[in-house]
Amino acid sequence: MKDIYYEVIGEGFPIVLLHGNDENHHVFDELVSHLKKDYQCICIDTRYHGLSVKKGTMSYTQFCKDVQDVITELNIDEYDVIGFSDGGITSLLLSSDQRLKHMIVIGANVRVSGLKFIFRLYNWLMLFCLLPFSIYNKKMRIKWRLINMMEFMEEISKETLNQISIPTLIIAGENDLIKQEETEYIHHNIKYSAMKIIKNGTHFVLKENFNETYQNIKMFLDICHKEED
């Protein structure tokens, strides 16, 4: 796809990696350096991020459609997904894709109320401060819209979570900006899910608690694929 930038690294069962808000695929560089030995990593820059197009609809639903289009372009019949933060929200929406077989969701919420108050306050301050600059600066306008998307996200319903029937690993930091009860809510409503709370971890467990987070990711993937052999 000329609009959506992605890189394919490694060989093996395909895994799509989806980054968070205002990031790009490089957030997964260390993880990919380990996974590429056993899996084919498809690292995507979400629309309005990185090297992907900066136009079109800005929504999690559109991001989900973009991922499905990439998978179709690559002629992939089956794949897994690892989604961090906003990428985790997109991953949950992808669960209806029959080609998706296993899912890892890191630091995601399904309701705006799942964000801790201090982070929501930060978002509102950023929206207020960025507003005058967004009028004439395209980069600031995109940043304002991305924060706005988080604050006015459409809730992923309990019914939608209940319909997810693929093995799912849910990871969050003990001190995440996502409320722990939100992480538990997601876990309790996805029937074939496991939850791991990284002790002393923040939202950025992929960086600050990489070894423990990686071990949990690798163990989950290896168990899933071993059971299918």
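Computed from a predicted model, the values in this text were never measured in an experiment. Residue indices begin at 1 and follow the sequence shown.
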* Asked: Can you tell me if T57 and R47 form a side-chain donor-acceptor pair at under 3.5 Å?
  -> no

* Asked: Looking only at heavy atoms, which two atoms of C43 and I9 are closest? And how far apart?
  -> SG-CD1, 4.4 Å

* To do: Verify the cluster assignment for F128 and W144: are they in a single hydrophobic cluster under the rule of side-chain heavy atoms below 4.5 Å apart?
  => no

* To the nearest 0.5 Å, what is the distance between OH (Y192) and CE (M103)? -> 13.5 Å

* Joint hydrophobic cluster, M153 plus Y122, side-chain heavy atoms closer than 4.5 Å -> yes

* Asked: Has E208 got more than 12 heavy atoms of other residues, nucleotides or ligands less than 6.0 Å from its CD?
  -> yes

* **Inter-residue atom distance N209.CG - K199.NZ, 0.5 Å rounding** => 11.5 Å

* Separation between CG of N189 and NZ of K158, rounded to the nearest 0.5 Å -> 5.0 Å

* Asked: With a 4.5 Å heavy-atom cut-off, do Y5 and H25 have their side chains touching?
  -> yes

* Sub-4.5 Å side-chain heavy-atom contact between L100 and V16 -> no

* **Any L115 side-chain heavy atom under 4.5 Å of L177 side chain** => yes

* Asked: NZ of K36: more than 12 outside heavy atoms within 6.0 angstrom?
  -> no

* Taking salt bridge (Lys or Arg N to Asp or Glu O under 4.0 Å) as the test, write out the residues that go with K218, two or more places apart. => D38, D222

* Does C224 reach the side chain of L221, with side-chain heavy atoms less than 4.5 Å apart? -> no

* Asked: Do N216 and I198 have side chains that get closer than 4.5 Å, going by heavy atoms?
  -> yes

* In terms of ring plane angle, is the pair H34 and Y214 parallel, tilted or perpendicular, where the classes change at 30° and 60°? -> tilted

* Asked: Does a salt bridge link E212 with K196, judged by any charged N lying under 4.0 Å from a carboxylate O?
  -> yes

* Asked: K139 versus F133: any side-chain heavy-atom pair under 4.5 Å?
  -> no

* **D69 side-chain N/O to D66 backbone N/O, donor-acceptor pair under 3.5 Å** => no

* Asked: Can any side-chain N or O of E174 pair as donor or acceptor with the backbone N or O of N200 at less than 3.5 Å?
  -> yes

* To do: Classify the ring geometry between H225 and H102 as parallel (under 30°), tilted (30 to 60°) or perpendicular (over 60°).
  => perpendicular

* Asked: When R111 is tested against each of E154, E155, E182 for side-chain hydrogen bond (donor to acceptor under 3.5 Å, both in side chains), which residue passes?
  -> E182

* Structure fact -> Note: M126 and I147 closest approach over all heavy atoms is CB-CD1, 3.7 Å

* Short question: side chain of T168, backbone of I166 - any donor-acceptor pair under 3.5 Å? -> yes

* Asked: Would you say the side-chain atoms of K207 pair up with the backbone N or O of E30, donor to acceptor, closer than 3.5 Å?
  -> no

* Provide the closest heavy-atom pair for K101 versus D80 in the form atom of the first, atom of the second, distance. => CB-OD1, 3.8 Å

* Indicate the atoms forming the closest heavy-atom contact of L51 with D45, along with that distance. => N-OD2, 2.9 Å

* Heavy-atom pair with the smallest gap, counting every atom of V70 and I42 -> CG1-CG2, 4.4 Å

* Criterion side chain to side chain contact (heavy atoms under 4.5 Å, CB included) against I89, the qualifying member of V105, N109, N21 -> N109

* **Rounded distance (nearest 0.5 Å) linking atom OG of S52 with atom OH of Y6** => 10.5 Å

* Donor-acceptor pair, K54 side chain versus G50 backbone, under 3.5 Å? -> yes

* To do: Mind checking salt bridge (Lys or Arg N to Asp or Glu O under 4.0 Å) for D29 and listing every partner two or more places apart, or none if nothing turns up?
  => none

* Asked: Do F210 and L31 have side-chain heavy atoms sitting under 4.5 Å apart?
  -> yes

* To do: Search all heavy atoms of S85 against all heavy atoms of G20 and return the closest pair with its distance.
  => CB-CA, 4.0 Å

* Would Y185 and E181 count as a side chain to side chain contact (heavy atoms under 4.5 Å, CB included) if you check the C-alpha gap in whole Å, the side-chain angles of each, and the deciding distance to 0.1 Å? -> CA-CA 6 Å; Y185 172 82; E181 53 262 42; over 6 Å; no

* Asked: What about M58 and L92, same hydrophobic cluster or not, with Ile/Leu/Val/Met/Phe/Trp/Tyr joined at side-chain heavy-atom distances under 4.5 Å?
  -> yes

* Do the side chains of M195 and V205 join up, straight or via other hydrophobic residues, at under 4.5 Å, putting them in one cluster? -> no

* Same hydrophobic cluster for L131 and Y136, using side-chain heavy-atom links shorter than 4.5 Å among ILVMFWY? -> yes

* Asked: What's the spacing between I106 CD1 and I170 CD1 if we round to 0.5 Å?
  -> 11.5 Å

* To do: For side chain to side chain contact (heavy atoms under 4.5 Å, CB included), just list the numbers for I217 and I171, CA-CA rounded to whole Å, side-chain angles, deciding distance to a tenth of an Å, and then say yes or no.
  => CA-CA 9 Å; I217 290 172; I171 300 175; 4.0 Å; yes

* Are the side chain of T90 and the backbone of C64 linked by a donor-acceptor contact shorter than 3.5 Å? -> no

* **Stepwise side chain to side chain contact (heavy atoms under 4.5 Å, CB included) test for D176 and T183** => CA-CA 10 Å; D176 209 300; T183 303; over 6 Å; no

* Asked: Where the side chain of H203 meets the backbone of I178, is there a donor-acceptor pair that is under 3.5 Å apart?
  -> no

* To do: Would you indicate whether the side-chain heavy atoms of Q62 and Y48 approach each other to under 4.5 Å?
  => no

* Evaluate the criterion side chain to side chain contact (heavy atoms under 4.5 Å, CB included) for residue pair T72 and R99; output intermediate values, then yes/no. => CA-CA 10 Å; T72 298; R99 296 170 294 183; 3.0 Å; yes

* To do: Enter the distance from Y60:OH to M150:CE here, rounded to the nearest 0.5 Å.
  => 6.5 Å

